[in-house]
Colleague: 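I'd like to ask some things about the structure below.
In the text below, chain A, chain B and the rest are named by the order of the sequence lines, each starting its count at 1.
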Amino acid sequence: MRKLDDRLLELMKERNWKNMTEIQQKSLEPILSGKNTLIIAPTGYGKTEAALIPILDMMLKTNVKPVSLIYITPLKALINDLTLRIEWWASRLGFYVNRKHGEVPQKEKNLRLKITPHILVTTPEGLEIDLDWATRFREKYKNVKWVIVDEIHELIGSKRGVQLSVLLERLKDYIGYDFQRIGLSATINDEDLVASFLFGSSSRQSEIVKVNDKKEFELSIVKLNSVGDIWKNVAKHIISSVEKPSLIFTNSRFLTERLHEELEEYDKDFYVHHSSISRESKSNVEEYLRTGKAKGVICTKTLELGIDIGDIKKIIMFRPPPSVASFLQRLGRSGHKIYGKPRGEIICIYDHDLLEAYAISELAKLGKVERQSICKPIDVAAREILGMILQYDEVEKEKAYKILTSSYVFRNLSEKTFNELIEYLAKNNLITIKGDKLSIGKFFFKLWNFNRNNGYSWSRGFSEFFSTINSTDTFTLKWEDKNIGEIDAIYVYKHIRSGDIIRIGGKLWKIIRINTSRMVVDVLPADKGDGEIPVWRGDGISKSYLLPKEIYVLFKEKRKEISDIIDKYVSRNLPLPSPNVIIEEKRDKEIVYSTLINEKIASTLAHILLYLATSKDSLNNYARYSIYGFSINYTEKDLLEELLKYNEKELKRIIIRSILRSPLFISTLKEIQISYGKLGKIDTKEDKLIIKDALRQAISKYFSIKKTIRFINKIKRGKIKIIKYDGSTPLGDAVLLQAPIKPWITGISTIIYDTLKGGAYTLAELSESLGISQKSLEAKLKQMRKPESKYRIVSFIDVDSRETRWCLMEDLENIVKSCDFYTSFNPINSDETFIASLRAINSTTTTDLIFKPKEIIDNPEEIIRRIPFEEIGEMRINDPVDPLVYNISPRFYYVNKRVAPYLLLNAVAYIQNMKYS
DNA sequence: ATACATCCAAGAGGGC
């Protein structure tokens, strides 16, 4: 074996290294001989040094010029950590290191132009920015000899990974050198796939090195008694089982907060960590872990990967993780020292939790991990074409196509699709095609605007162009100048009012002010009160495809750990759960088909049933799906049976149509259309390219057409048996716990109706949550208050904020009674006398009614009786002694007389509020 | 009661 440079050996001594770890030794040879290398080992095995040390050795031995090495890693926190770690070695050898991500101070970033770093640590987005936009620094990249991609398993299945794979090809083409590629990864299923993905068009020899991963771990699985207060039981159990310091993983942000609320009753040394609390609070919590202050930290996936958080004694998982990969990552956060054995516990609540827990632990022991799937998102190709044009000003078609197809992901992108794509981009003026040259189109910098405040309402910040991650609207919680956390905008609009107490980051906060234009909620610390925990909306975590198969094995082997569940089937004379049996359970409002099934097949079937139900029934239908089956709330007919009548061709058509109707497809469409430069409504003819791409992306993520057809064929042939049962099963119960899916209804008024339901919103809030401009929304709202509207709405004045709010007519009575709008409908003085001026629709004469607010409060029916027409065209109030009131009185248009009393009270409350305060 | 996470302008020119 080649001898490492003496200076490196010295440094190892300085670090007190007796030996290099196994993975470090194994990596030396392939890297030193210039091979592209994929290094696979669990966290904590020293993978970074395994790649770094041989590269530093080569850097010492050859006369390298900066930038020599690019180190790419997916998280900002990792960049900060790694920079220090790399700097330790590099600075002692005379090499400069620089980091780049969105939160690095400008000053530090500017430094790299003065002193070019030998090693640059950044994200995929950071590389994108440099190639596309950093005109000067880009030149320095021409010296790059090595690229390391860290945590590659985190990138591979996502658009970020696709983006990176193209970027590497762009880099290679730009510098004209086939640099050496090194990937670092945790245990993965398909090593060869990851390798091809990373190595792309490089013609270097390649090698995969890995350590024989010991799958040893200590794991206990407990099921808690669900009698009594389940939260108290969980808290008590955790208190008895926790070992300082522990990580307590949950599967949602809500649950981390909820669990903390219970645990802090027993012990103050528990903390919360998830993505919606501020960076500052997160780093505090991480510090508490390292210093030993924290007994336990309750967290989500945020702590699955990332920076060193010290020695964790025990991992507690509150309900099973969604996949084996995630289980191993979570467990791997304990026993971090190389030969330490990870120790953990899974707390189960439901029967199916127990099934998943045993299945996951079994799979982990067998060394089975989920396979990654790579899809071919054309929207990312579009972005990369644009990136190349930014880089070169002008790019030949041929060159753009060649670079794209040299990446592993787009290797099969046909010339036809490529041409369709660039012609479409040209049509939308994102690019201009002149002969065989592509250049930037006049719409590009309007869409990707430099100054969002001066831009059009639809324009995006230019910086967003570099990221493939789409972000949702959120409000930032601020206490004075400090960021506390973030809450979904929709949740703020629907549930938060000033004065409320909320719980976030494990602390209570009082809402002081909601600023919708700055998207900021001002809060103050509160020390008591029942804090409401916000709900954040995500995509839904899908469960591993390995689970239903492995759970079937557990049942086949009649494992004693799940004997309670087996008994429930045996005692009901039912066959044990299997992929070959569907138990059709008639439940309260829905039919549940319980079985063991791939989640994507279940999802496809649920969507088909929903589609069939909505075409027969109403818009109130919903369906559910999970690995335990699917359900539909339509009981008139057996829709699954009906499905068996169709032939394969018809089936396929129905499946596509159901998918096109699903919110999953629609949101995918909305997400990607911006990359194509398409704003507003999609046209089924004009925008076929986007529709096709969205359909393919949605299908690969959420559905499975082929497998579903095969599944239905199996039912037809009797290979899958359907058993009707007039009762319930544990798997059926699991299906009913899933959130229902609802049809996407075209037609803006239904969407407005759905959004308004149960609440009252301002125009700005509605426009924000619906993504419709205020102007067109207002026109629609005015239409919807007219008597002929299917969904009747009304507006009133929110006296506290003096804004107009809109709500459903049917909801007004409840809103009047709710404490949220108390001041808006309860006049300060209800003994004053007012005159209501009413005009009928299409009439010019007005009728006046004299009333005191008190009379309305006491007997609203009386004033309704005095109104001479059913529908009021215009209504406002007057004061017999103060004629000015008429001018400031709010006007109400198209009001049904049944709700008029409430609006009169609203007008009085508003006027008195103006007069007296 | 419900369903996670990640990312996001360079660099010239002016003022002190």
Colleague: Send over the distance from A:Q106 CD to B:dG11 C1', rounded to a whole Å.
Modeller: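 Nearest whole value for this atom pair: 9 Å.
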Colleague: Under the ring-ring contact (aromatic ring centres under 6.0 Å, His included) test, which residues partner A:F197, sequence neighbours left out?
Modeller: none
Colleague: I'd like to check the side-chain hydrogen bond (donor to acceptor under 3.5 Å, both in side chains) partners of A:S281; sequence neighbours left out, ordered by chain and number.
Modeller: A:S278
Colleague: Check the distance between B:dA9's C1' and A:H101's NE2 and give it to me in whole angstrom.
Modeller: 16 Å
Colleague: So if I take every side-chain heavy atom of A:S275 and compare against B:dA9, B:dC8, B:dA5, which nucleotide ends up nearest?
Modeller: B:dA5
Colleague: Within the structure shown, what part of the strands sits under 4.0 Å from A:A739 by heavy-atom distance: base, sugar-phosphate, or nothing?
Modeller: base
Colleague: For nucleotides 12-15 of chain B, tabulate all protein N/O to nucleotide N/O atom pairs closer than 3.5 Å, reporting atom names and distance.
Modeller:
residue: B:dA12; atom: OP1; partner: A:R136; partner atom: NH1; Å: 3.3
residue: B:dA12; atom: OP2; partner: A:R136; partner atom: NH1; Å: 3.1

Colleague: When you check the phosphate oxygens OP1 and OP2 of B:dG11, does a side-chain N or O of A:K109 lie under 4.0 Å from one of them?
Modeller: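 No, because none of the side-chain N or O atoms of A:K109 sits under 4.0 Å from OP1 or OP2 of B:dG11.
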Colleague: Please check if the distance between the ring centroids of A:F462 and A:W133 is under 6.0 Å.
Modeller: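 Here the rings of A:W133 and A:F462 have centres that are less than 6.0 Å from each other.
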Colleague: Specify the separation, in whole Å, of atom CG of A:D353 and atom P of B:dT2.
Modeller: 13 Å
Colleague: Round to a whole Å and report the spacing from CG of A:N470 to P of B:dC4.
Modeller: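 Interatomic distance, CG of A:N470 to P of B:dC4: 15 Å.
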Colleague: Is any NZ, NE, NH1 or NH2 atom of the basic residue among A:E286 and A:K282 found under 4.0 Å from an Asp or Glu carboxylate oxygen of the other?
Modeller: no
Colleague: Please list every donor-acceptor pair under 3.5 Å in which a side-chain atom of residues 73-81 of chain A meets a protein atom from a residue at least two apart or in another chain.
Modeller:
residue: A:K76; atom: NZ; partner: A:E103; partner atom: OE2; Å: 2.9
residue: A:N80; atom: OD1; partner: A:R99; partner atom: NH1; Å: 2.5
residue: A:N80; atom: OD1; partner: A:H101; partner atom: NE2; Å: 2.8

Colleague: Specify the residue among A:E125 and A:F137 whose closest nucleotide of DNA chain B lies further upstream toward the 5′ end.
Modeller: A:E125
Colleague: When all nucleic acid strands are considered with a 4.0 Å heavy-atom cut-off, which category describes A:I79: base, sugar-phosphate, or nothing?
Modeller: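 If one applies the 4.0 Å heavy-atom cut-off, A:I79 turns out to touch nothing in the nucleic acid.
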Colleague: Salt bridge or not for A:D488 and A:R253, using N-O below 4.0 Å?
Modeller: no
Colleague: Using whole Å, what does the distance between atom C1' of nucleotide B:dT6 and atom CZ of A:F466 come to?
Modeller: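 Result: 18 Å.
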Colleague: If each of A:F465 and A:H273 is mapped to the nucleotide of DNA chain B with the nearest heavy atom, which maps nearer the 5' terminus, i.e. the 5' end?
Modeller: A:H273
Colleague: I want to verify a distance call: between B:dA5, B:dA10, B:dC8, whose nearest atom is closest to the A:S463 side chain?
Modeller: B:dC8
Colleague: What's the closest nucleotide to the A:K301 side chain, out of B:dG11, B:dC4, B:dC8?
Modeller: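 Between B:dG11, B:dC4, B:dC8, the one nearest the side chain of A:K301 would be B:dC4.
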Colleague: Could you tell me whether the phosphate oxygens of B:dA5, OP1 or OP2, come under 4.0 Å of any side-chain nitrogen or oxygen in A:R253?
Modeller: yes
Colleague: Between B:dC7, B:dT6, B:dA10, which nucleotide has the shortest distance from any of its atoms to the side chain of A:T123?
Modeller: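 Out of B:dC7, B:dT6, B:dA10, the nucleotide with an atom closest to A:T123's side chain is B:dC7.
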Colleague: NA contact type, A:N110, heavy-atom cut-off 4.0 Å: base, sugar-phosphate, or nothing?
Modeller: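 Counting heavy atoms under 4.0 Å across all strands, no contact is made by A:N110.
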Colleague: So which nucleotide from B:dA5, B:dC4, B:dC8 ends up closest to the side chain of A:S252?
Modeller: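 Between B:dA5, B:dC4, B:dC8, the one nearest the side chain of A:S252 would be B:dC4.
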Colleague: B:dT2 P sits how many Å from A:K543 NZ, rounded?
Modeller: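 So the NZ-P distance, A:K543 to B:dT2, works out to 14 Å.
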Colleague: According to salt bridge (charged side-chain N to carboxylate O under 4.0 Å, His left out), who are the partners of A:E532, at least two apart in sequence or on a separate chain?
Modeller: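 Listed in chain order: nothing, the list is empty.
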Colleague: Can you identify which nucleotide, out of B:dA10, B:dA9, B:dC8, has its nearest atom closest to the A:F462 side chain?
Modeller: B:dA9
Colleague: Salt bridge (charged side-chain N to carboxylate O under 4.0 Å, His left out) with A:E125: which residues, sequence neighbours excluded?
Modeller: A:R160
Colleague: Return yes if a side-chain donor-acceptor contact under 3.5 Å exists between A:D379 and A:Q673, otherwise no.
Modeller: no
Colleague: What's A:F254 touching, base or sugar-phosphate or nothing? Going by heavy atoms closer than 4.0 Å.
Modeller: sugar-phosphate
Colleague: Distance check needed: B:dA5 C1' versus A:K159 NZ, whole Å only.
Modeller: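 Result: 16 Å.
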Colleague: Indicate, with a heavy-atom threshold strictly under 4.0 Å, whether A:I469 touches base, sugar-phosphate, or nothing.
Modeller: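 Base contact - A:I469 has a heavy atom under 4.0 Å of at least one base atom.
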Colleague: Check this one for me: any side-chain N or O of A:T302 less than 4.0 Å away from OP1 or OP2 of B:dT6?
Modeller: no
Colleague: Between A:K100 and B:dA10, is there a side-chain N or O to OP1/OP2 distance below 4.0 Å?
Modeller: yes
Colleague: Tell me what A:K114 touches on the nucleic acid: a base, only sugar-phosphate, or nothing, going by heavy atoms under 4.0 Å.
Modeller: nothing
Colleague: Could you state the CG-P distance from A:L127 to B:dC7, rounded to the nearest angstrom?
Modeller: 16 Å
